[in-house]
Amino acid sequence: MLFPDYRPRRMRASEALRRMIRETELSPDDFIYPLFAVGGRKVAEPISSLPGQYHYSVDNIAAEARKAWQLGIPAVILFGVPDSKDPLGTRAYAKDGIVQQAVRAVKDRVPEMVVITDVCLCAYTDHGHCGVVEGEVIDNDASLDLLARTALSHARAGADMVAPSDMMDGRVGEIRDSLDEKGFSHVPIMAYSAKYCSAYYGPFREAADSAPRFGDRRTYQMDPANALEAVREATLDVEEGADIIMVKPALAYLDVICRVRQEIDLPVAAYNVSGEYAMIKAAAKMGWLDEKRVMMETLTAIKRAGADMILTYFAPAAARILNA
Ligand code: PBG
Ligand code: ZN
């Protein structure tokens, strides 16, 4: 059927018609809200690189999680900014570590909410790398035990799900084994499977003080030029026991989300990362973009590409619009 017999505009003529043929629907159910925990009490310190986001002490992070829950957001992912760092990142797997405290506080205040933890060492090591450093080399196998200890200590604090973001080979299997062995076989793993070596993490690294002190992350995070490799990484994580596969960043990698969605039969998450958020915030502040519309368009696009869930700093703002 061709013009003039077929006229696509007929079905765009009213909002009711557009609603009837809409293929992608966003919902607060799709969102996972990232939160940053710091020491102290009653702290809500604005993060300059992420306007509208804050460093929260444990008491305030629980209150923030509760607000998100009341907006219909089912899950948070917690990041920690520790008081001290050392070569082995010991505060990442300390029983009284900042994330462990935050998990307990959120579970105490909002028991039904899904509390996910980011499992990595970079915010806790003095060199800022995601694994153990031997000279200037990141030692893959020596990192696995520390990552598994971190995941286990999060589970012991009450985390409902752990999300390894370090990109060491074999870490999903190592974490699965250690959780299973210690009585946490019910705790799912959301694997940052296709995590690219991206400049879009800039604002996050400022927020988490997790930038590498030497070199970069190119020897463990993926080359932005590769897509087949993302499917291979995801396949390995499925075999090692992942429950959710993540692609990160989202916006410059919509093709990767689409491919992973087609090739892998597990839920797919996409991380709408700090730089993607900051770009929209900055342009809106300059008066160059309509923030709310660009936000909703971006999140819709990530879902349309194939993401079943979206980690996003926009979660509460977008949920408010969807609930209105
Ligand atoms: C830690 C981690 C990072 C992000 C999530 N977990 C930073 C990095 O890998 O350098 C980035 C999140 C964002 O930019 O919003 N490995
Ligand atoms: Zn890291």
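One-based numbering, in listed order, for ligands and for the atoms of each. These figures come from a predicted structure and were not determined experimentally. We count residues from 1, following the sequence as given.
- Exactly one of I116, I244, D243 qualifies for a side chain to side chain contact (heavy atoms under 4.5 Å, CB included) with P188. That residue is D243.
- Salt bridge absent: R304 and E23 never bring a charged side-chain N and a carboxylate O closer than 4.0 Å.
- Protein heavy atom in closest approach to atom 10 (O) of ligand 1: R205 NE, 2.6 Å.
- Scanning all protein heavy atoms for the shortest distance to atom 14 (O) of ligand 1 gives S274 OG, 2.7 Å.
- Residue contact check for ligand 1: M167 places no non-hydrogen atom closer than 4.0 Å to it.
- In this structure, E15 places its CD atom where more than 12 heavy-atom neighbours from other residues, nucleotides or ligands lie under 6.0 Å away.
- Here the two rings, on Y271 and Y253, have centers that are 6.0 Å apart or farther.
- Counting only distances under 2.8 Å, and ignoring water, the protein N, O or S atoms around the Zn ion (ligand 2) are C120 SG, C122 SG, C130 SG.
- When hydrogens are left out, the protein atom nearest atom 16 (N) of ligand 1 is K195 NZ, 2.9 Å; that is the closest non-hydrogen contact.
- The distance from ligand 1 to the heavy atoms of Y313 drops below 4.0 Å at these ligand atoms: 12 (C), 13 (C), 15 (O).
- Around the CZ atom of R293, the shell of radius 6.0 Å holds no more than 12 heavy atoms that belong to other residues, nucleotides or ligands.
- Among protein heavy atoms, the minimum distance from atom 11 (C) of ligand 1 is reached at K248 NZ, 2.8 Å.
- Relative to the six-membered ring of Y200, K248 misses at least one condition, a distance below 6.0 Å or an angle of at most 45° to the axis.
- Of the polar atoms of S210, none of the N or O atoms is found under 3.5 Å from an N or O of ligand 1, judged by distance alone.
- Residue contact check: Q221 has heavy atoms under 4.0 Å from atoms 8 (C), 9 (O) of ligand 1.
- Ligand 1 has at least one atom lying under 4.0 Å from a heavy atom of Y271.
- The environment of E297 atom CD is sparse: at most 12 non-hydrogen atoms of other residues, nucleotides or ligands sit within 6.0 angstrom.
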